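Okay, structure first, notes after.
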2 protein chains.
Amino acid sequence: MSWRKEHGRAERGYHHGNLKEALLQAALGLIAEKGAAGFTFADAARMAGVSAAAPYRHFRDRDELLSSIAQRGFEQFEARLSAAWDDGRPDTVTAFERVGKAYLAFAREEPAFYNAMFESGVPVDANAALQAASERAFNIIRAAAERLAALTPPGTPRPPAMMMALHIWSMAHGVASLFSRGDAARRKLPMSPDELLEAEVLIYLRGLGFPIDRRPATKGAEPPPVPPEASSGSGVPPGGPWGKPK
Amino acid sequence: MSWRKEHGRAERGYHHGNLKEALLQAALGLIAEKGAAGFTFADAARMAGVSAAAPYRHFRDRDELLSSIAQRGFEQFEARLSAAWDDGRPDTVTAFERVGKAYLAFAREEPAFYNAMFESGVPVDANAALQAASERAFNIIRAAAERLAALTPPGTPRPPAMMMALHIWSMAHGVASLFSRGDAARRKLPMSPDELLEAEVLIYLRGLGFPIDRRPATKGAEPPPVPPEASSGSGVPPGGPWGKPK
DNA sequence: CAGCTCATGTGAACGACCTTTACATGAGCC
DNA sequence: GGCTCATGTAAAGGTCGTTCACATGAGCTG
């Protein structure tokens, strides 16, 4: 990471050369440590080695920095969800499950982004670009829901894809913010957040009429152990998506 | 509301007489207005008509005030959930749905409490009393899940009640924080948060094997239009818990 | 290369906040 | 009446966010 023409050390003169980026990175680190609320503009400046006033050349104020981070977060979020969805391969339900996992993974692995995106108090409509990025991310979930909705077994009414998408989003966000992050993760649970969400989504999908067999936490994303798509089983197989019923 | 011996005006001398309570009220108002992040200790003091140092006689610091509010919030939350659950009357599913509605209603009607409880960054385990209050509130949901789990139709495996409770909580919290409050409420939705959550829970319950018929938003909580409990219908009735399928 | 210009960084200053400390007040009790 | 201690105040130190006048020097123009 060279942030100056001369690559190596922090030999910087009057001008930083890459302050905007440095501030974003510093802020990211600080938010990860202390949360968006605890993050301070002055600290970011200090960390970048500039005076407290310098950041104002690149961001109107502290909120704009925050919303920049949120926007970047949504962009990376979209990328990860998109990769997880992988256009529905190898089969729609498996890919859908993978999106749920990716959601939690992002919340866990990128706490600073997630915090800025959903917990910092930055209004989504603060910025047109931010809102657009947010919508693009949601559209991945929505597209997945669309495909899934199209697969409803014959004889079953087709749920509105938008509603499904909102449902899935709320489940993922609920699990992430209640059980998968920071202080909240300290709550004692009978199962991991990932398992919790997976079971939740599977039960939900079954409620929509999808033939779901028990298969929690089949790790790896390669070959599905069961034939994809049209494995129309009975409505309620013995043993749910949760572990083993006692 | 007399906050002094002499009931009437704000004729207060050197001592306030009820400062702790006055500060809590003031803080509640301020948080409702500007969020827990924007709320300031000094403002609360001003609003109570005392110097900025006075609050320190009643709260170790700003965070302690915040966590006091969160604790109170959990207590009221518990009361409302408990009232909504009404020990499962008139039937378990109806009462369960009512709990979901009560969750959203609380989030909407008591934004300051909800904010302090879930969005202020106050760690749940900051305080033993806070944690206890939080657990008592969750136990309402848990108890309801317990009763519901016991009702799983014959031939269907019984889901762990704890898991159900966590699922329901995550749905309610997800919908509340994404769609039902503050800035988030500005997202354009095809249906109200209440309807969204109701449909979500119903689909979920159906996924668990409960015979759920379509019946969104039957308002009032008195006589159920269908015979309660053991109306074991077919697994997937035509027309889901959402509106009319096109 | 001289000179200009403008983006970028600095230092100082203001007001607000959080918190601590030494001191003031007066309510309740002997 | 006088003591005591919970409760309030004023003042001060440290941090922030933000603004403003001013400094620097990178890059263009000729």
Side-chain angles (χ1 to χ4, degrees), chain A residues 2-7 9-27 29-31 33-69 116 120-122 126, chain B residues 2-7 9-27 29-31 33-69 116 120-122 126:
Chain A
S2 66
W3 59 85
R4 189 105 173 81
K5 296 171 180 175
E6 350 286 325
H7 56 321
R9 286 299 72 180
E11 223 63 75
R12 108 172 158 75
Y14 196 85
H15 289 86
H16 183 290
N18 216 357
L19 186 51
K20 185 162 191 170
E21 192 54 34
L23 287 172
L24 286 167
Q25 293 304 324
L30 290 170
I31 294 174
E33 272 182 48
K34 310 185 286 187
F39 147 76
T40 137
F41 217 27
D43 245 345
R46 236 184 317 268
M47 189 156 304
V50 296
S51 75
Y56 289 85
R57 295 295 175 195
H58 300 275
F59 302 95
R60 196 176 345 88
D61 55 21
R62 182 179 174 282
D63 282 349
E64 195 184 86
L65 204 186
L66 230 46
S67 92
S68 283
I69 291 196
S120 66
V122 171
Chain B
S2 67
W3 59 85
R4 188 108 174 79
K5 296 173 179 177
E6 351 284 325
H7 56 320
R9 285 300 75 182
E11 224 63 75
R12 110 173 154 73
Y14 196 85
H15 288 86
H16 183 289
N18 215 357
L19 185 51
K20 185 161 189 170
E21 192 54 34
L23 286 172
L24 286 167
Q25 293 304 325
L30 290 170
I31 294 174
E33 270 182 49
K34 310 185 287 186
F39 146 76
T40 138
F41 217 28
D43 245 346
R46 235 185 318 268
M47 191 158 301
V50 297
S51 75
Y56 289 85
R57 295 295 176 195
H58 301 274
F59 302 96
R60 195 175 348 87
D61 55 21
R62 182 180 174 283
D63 282 349
E64 195 183 87
L65 204 184
L66 230 45
S67 92
S68 282
I69 290 195
S120 67
V122 172

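Numbers restart at 1 for each chain; the letters A, B, ... are given by sequence-line order, proteins then strands. All values derive from a computational prediction rather than experimental measurement. Note: hydrogens, waters and symmetry copies are ignored here, and every other heavy atom, side chains too, is used.
- Within the structure, every pair that satisfies the salt bridge (charged side-chain N to carboxylate O under 4.0 Å, His left out) test and touches residues 15-26 of chain A, not counting sequence neighbours, is listed here: A/Glu21-A/Arg72.
- For A/Asp61 (side chain) and A/Glu64 (main-chain N/O), a donor-acceptor pair under 3.5 Å exists by modelled atom type.
- B/Thr40 and B/Lys34 get closest at one heavy-atom pair: CG2-NZ, 4.5 Å.
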Could you run down nucleotides 12-22 of chain C 5' to 3' and tag each one B, S or - for protein heavy-atom contact under 4.0 Å? -----SSBB-B
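- Put simply, the side chain of B/Arg57 does not reach to within 4.5 Å of the side chain of B/Leu19, judged on heavy atoms.
- In this structure, the NE2 atom of A/His16 is 16 Å from the P atom of D/dG25, given to the nearest Å.
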Can you list the steps and then say if A/Met47 with A/Leu30 is a side-chain contact (heavy atoms from CB on, under 4.5 Å)? CA-CA 9 Å; A/Met47 189 156 304; A/Leu30 290 170; 3.7 Å; yes
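- Under the rule for a ring pair (Phe, Tyr, Trp, His ring centres under 6.0 Å), the partners of B/Phe41 that lie at least two apart in sequence or sit in another chain are B/Tyr56.
- For the pair A/Phe59 CZ and D/dT19 P, the interatomic distance rounds to 15 Å; values are reported in whole Å.
- For A/Ser51, the side-chain atoms get nearest to C/dT10 when compared with the rest of C/dG9, C/dT10, D/dG8.
- Distance NE2 (A/His58) to C1' (D/dT19): 16 Å, rounded to an integer number of Å.
- If you measure from atom CG of A/Leu23 to atom C1' of C/dT8, you get 12 Å, rounded to the nearest angstrom.
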